[in-house]
There are 4 protein chains.
Amino acid sequence: MLRKLQISSDWIQASVPPQRRKPQQRRSRETVEAVLDAVVRILKKEGVDAVTTNRVAVVAGVSVGSIYQYFPDKRAIFSALHDRHADAMGRLVESTVVANVSRTLGELVGNLLSGLIDAHSGDQQLYALLMTEVPHGAASAQRLDARLQGAFRLAISSRGRELSRDLDVERCSFVLAHMVESLSHAAALNRPPSLSVAAAKSEALRAVLAYLRS
Amino acid sequence: MLRKLQISSDWIQASVPPQRRKPQQRRSRETVEAVLDAVVRILKKEGVDAVTTNRVAVVAGVSVGSIYQYFPDKRAIFSALHDRHADAMGRLVESTVVANVSRTLGELVGNLLSGLIDAHSGDQQLYALLMTEVPHGAASAQRLDARLQGAFRLAISSRGRELSRDLDVERCSFVLAHMVESLSHAAALNRPPSLSVAAAKSEALRAVLAYLRS
Amino acid sequence: MLRKLQISSDWIQASVPPQRRKPQQRRSRETVEAVLDAVVRILKKEGVDAVTTNRVAVVAGVSVGSIYQYFPDKRAIFSALHDRHADAMGRLVESTVVANVSRTLGELVGNLLSGLIDAHSGDQQLYALLMTEVPHGAASAQRLDARLQGAFRLAISSRGRELSRDLDVERCSFVLAHMVESLSHAAALNRPPSLSVAAAKSEALRAVLAYLRS
Amino acid sequence: MLRKLQISSDWIQASVPPQRRKPQQRRSRETVEAVLDAVVRILKKEGVDAVTTNRVAVVAGVSVGSIYQYFPDKRAIFSALHDRHADAMGRLVESTVVANVSRTLGELVGNLLSGLIDAHSGDQQLYALLMTEVPHGAASAQRLDARLQGAFRLAISSRGRELSRDLDVERCSFVLAHMVESLSHAAALNRPPSLSVAAAKSEALRAVLAYLRS
DNA sequence: CATGAATGAGTGTTCATTCAT
DNA sequence: AATGAATGAACACTCATTCAT
């Protein structure tokens, strides 16, 4: 949402007078996105080993040289891809928290689980690949963890009376964040065939609610 | 030429008595272990990019050629490494389940969490690398998931009366397995600096117990 | 062909009115000098491999495109650099010859050696690099040779009586030119540590004088 | 097949004294020579720019990988080429000095000039390229200078009475070395068209003799 | 004329894999 | 079975050059 605000303000400034240098920035973003999308496409259709810088350039419709204007090396491309995903999830979580301020923690968690599971169900193959085959420093995952815990800390704090008073916000947000994240992943990507998504989701919710009420 | 002599004597022994082929199998295991240990050592000291088959061979004290006797290609080495870890965790879980047959589910879960957290705390750097930088098909993780769920299914089934009767074993073991696994990982590897291992562990236990009692 | 056109038009204009078009030409020379100086600067501070056209452009304060206005390709930049140096040396030699018309050949040679040694002593590192690492067709060195021999031919011819009459001007200027050039280089750049510049210079002079008197 | 022969002889030798490890070393030298010869061939037929590591490998009849077993990088190949030439010249000079121990200094110098001029006349194009287009640190040239001066120091010292007694060996060998080297080069490679090799050589000799007698 | 973003051919180099011994 | 020298396909990355603005 922070992003959204920035963009809108750009919009406003752009229509007045002293605009400058924005084209490059927009161009940059577009190229970066094109590159990351190309990586995704190749990843899904041809596998990790087919993701060579030259192939990415072709699929992205840019020249190899241009890729190196935006990424210092190949590894950085993968990092950016992970970051983009982590960012999207972070924003999803935060916007859900915001959208549920006036609802109970239970309702919030339900929506969170739904949102995350849906997000990952869209392209299970891709997310599985991202996690297993595409190398990535631990950094982006940790940043996401931090964001999740931050969101939960907020959600908990603003619901003081709903919960037992001697609850430790730090511990609680830690556990909540990891429960929600891993159960979402599991429900979307690692479900045993005998379990429907709906069943997995409702059971996950039961677990989180039980914890919140404990 | 030393080599040649060894080979010939093997030849001779092989064609004589009852015992058979065990030496080779032991040799095999030893070589495989040596290779995997070498990978771990290089991984920690020099990073993923230094893990080349030739370097592995040197560090493991075998020839590159020998590596290809036991692994079809490089990727298989990484898979074996992941499998070895998954296997160790699987055995840890199963032995804990067995060792706690006469204890309550709560006690079992507590010991499970302790065991897993300790196992990962021993070499956090390594496990972080394994998960982020060392490529691995989803297979071994899924096999581990299945084993965990199997263990939990067993543990739950044999404790029917302790739990509410209308509990769905399938759903329950799914959630338990993922909660225990992810909270252990988180406690050992992704804990926020403000949280001690002990605190993380106890909170994780609280969460699992709350779920079990719900 | 662009080049050719430019040259021809310069030719024509040059022979028609009194002054014209000088600003551009001055601009040109300035840019060319800026480029060559940039190359020298990079060469000394960062080594030959750092001399890329883009870097040269930045250091010279012009755009890459502009460089290509004055040089057909990268190699031409290096050639121009060598030519500039050869030209400076040629001019130094010729002006010394002129300045010593009324002196003996011995005095002339002494001043020649001094001048050349001093010229190269100023930036030994640079001249060493120019000769070893910066590629250059043999052309500019040969042009310089020719100029040196020409200067010596002149100097000898105008001093007929000072020398033995059956001296072969052609042979003599050939040997003189190469002796003076190589001994100057050696004295300035390849002197053994045990030899002072002064000693090297005086010994070089002795050698040339001995030859002249033979 | 050459290999086979070598091996057999090693075999024989191996059973006699302690000698070892020669096969590798001979093989090494052969490969190194093949690579350097390939560079020379490409240099002459196709120019410096055609000297790529892959092309060298093909022409040398080895794999690129093998080149990197003997040379750390491309630049090292060029250095080795220069070193090989410098070494050959050094040996030529030294053997000439040895072969002329009982002759006068004048005769020695004459033979030295002849030898060096002939050596460079054999492949003028190549030597011109080596000096102008093939990058090379100053090191090998300096090593050669040192060797030449050493040879001259020796030659002078052992001819004390032939020369004026107050002669400074250090200065003298410095000048001699550079005179002989540069005049040989000039006679072989940079002679003006109006001068025959013989004329250039005789004039060079005159100059050196004049210096020696001064 | 100047600019400098974009290009992409081409290079040095690595490293998984093989196979003669 | 073991070895490790040799292989060469394949890759990441650079940088001389162009051309639309």
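So you know, we letter chains A, B, ... as the sequences are listed, proteins then strands, and number each from 1. All values reported here derive from a predicted model rather than from experimental measurement.
- Note on B:Y70: a side-chain N or O is less than 4.0 Å away from OP1 or OP2 of F:dA2.
- Taking atom CG of residue D:D73 and atom C1' of nucleotide E:dG12, one finds them 9 Å apart after rounding to whole Å.
- Judged by distance alone, the side chain of C:H82 and the main-chain N or O of C:M131 form no donor-acceptor pair under 3.5 Å.
- Within the structure, a side-chain polar atom (N or O) of D:R27 is placed less than 4.0 Å from OP1 or OP2 of F:dA6.
- Rounded to an integer number of Å, the gap from CZ of D:R75 to P of E:dT11 is 18 Å.
- For D:T132 (side chain) and D:A128 (main-chain N/O), a donor-acceptor pair under 3.5 Å exists by modelled atom type.
- You'll find that the side chain of C:T53 is closest to F:dT17, out of F:dT17, F:dA2, E:dA16.
- Toward the 5' end of DNA chain E, the nearer of the two residues B:V64 and C:N54, judged by each one's closest nucleotide, is C:N54.
- Put simply, C:S63 has a side-chain N or O that comes within less than 4.0 Å of OP1 or OP2 on E:dT3.
- Pair check for F:dT3 finds E:dA20; Watson-Crick or G-U wobble, both atom distances under 3.5 Å.
- For D:I67 and F:dA6, the CD1 to P distance is 13 Å, given to the nearest whole Å.
- Place D:T31 and C:Y68 on DNA chain F by their nearest nucleotides, and D:T31 ends up nearer the 5' end.
- At least one donor-acceptor pair closer than 3.5 Å links the side chain of C:K74 to the backbone N or O of C:V51.
- One can place CG of B:D49 at 13 Å from C1' of F:dC11, the figure rounded to the nearest angstrom.
- Nearest nucleotide to the A:S66 side chain, out of E:dT18, E:dA6, F:dA12: E:dA6.
- No side-chain donor from either of C:S28 and C:T31 sits under 3.5 Å from a side-chain acceptor of the other.
- Comparing C:V62 and B:K74 by the nucleotide of DNA chain E whose heavy atom lies nearest to each, the residue mapping closer to the 5' end is C:V62.
- Summary of the strand contacts: B:G61 and C:T52 both lie near DNA chain F, and taking for each the nucleotide with the nearest heavy atom, the more 5' one is attributed to B:G61.
- Taking a pair to require two hydrogen-bonding distances under 3.5 Å in either a Watson-Crick or a G-U wobble arrangement, F:dC15 pairs with E:dG8.
- In this structure, B:Q69 reaches the F:dA2 phosphate: one of its side-chain N or O atoms is under 4.0 Å from OP1 or OP2.
- At distances below 3.5 Å, not a single donor-acceptor pair connects side-chain atoms of A:H136 with backbone N or O atoms of A:L81.
- Look at CD1 on C:I77: it is 12 Å from C1' on F:dC15, rounded to the nearest Å.
- The distance from atom CZ of A:F78 to atom C1' of F:dA12 is 12 Å, rounded to the nearest whole Å.
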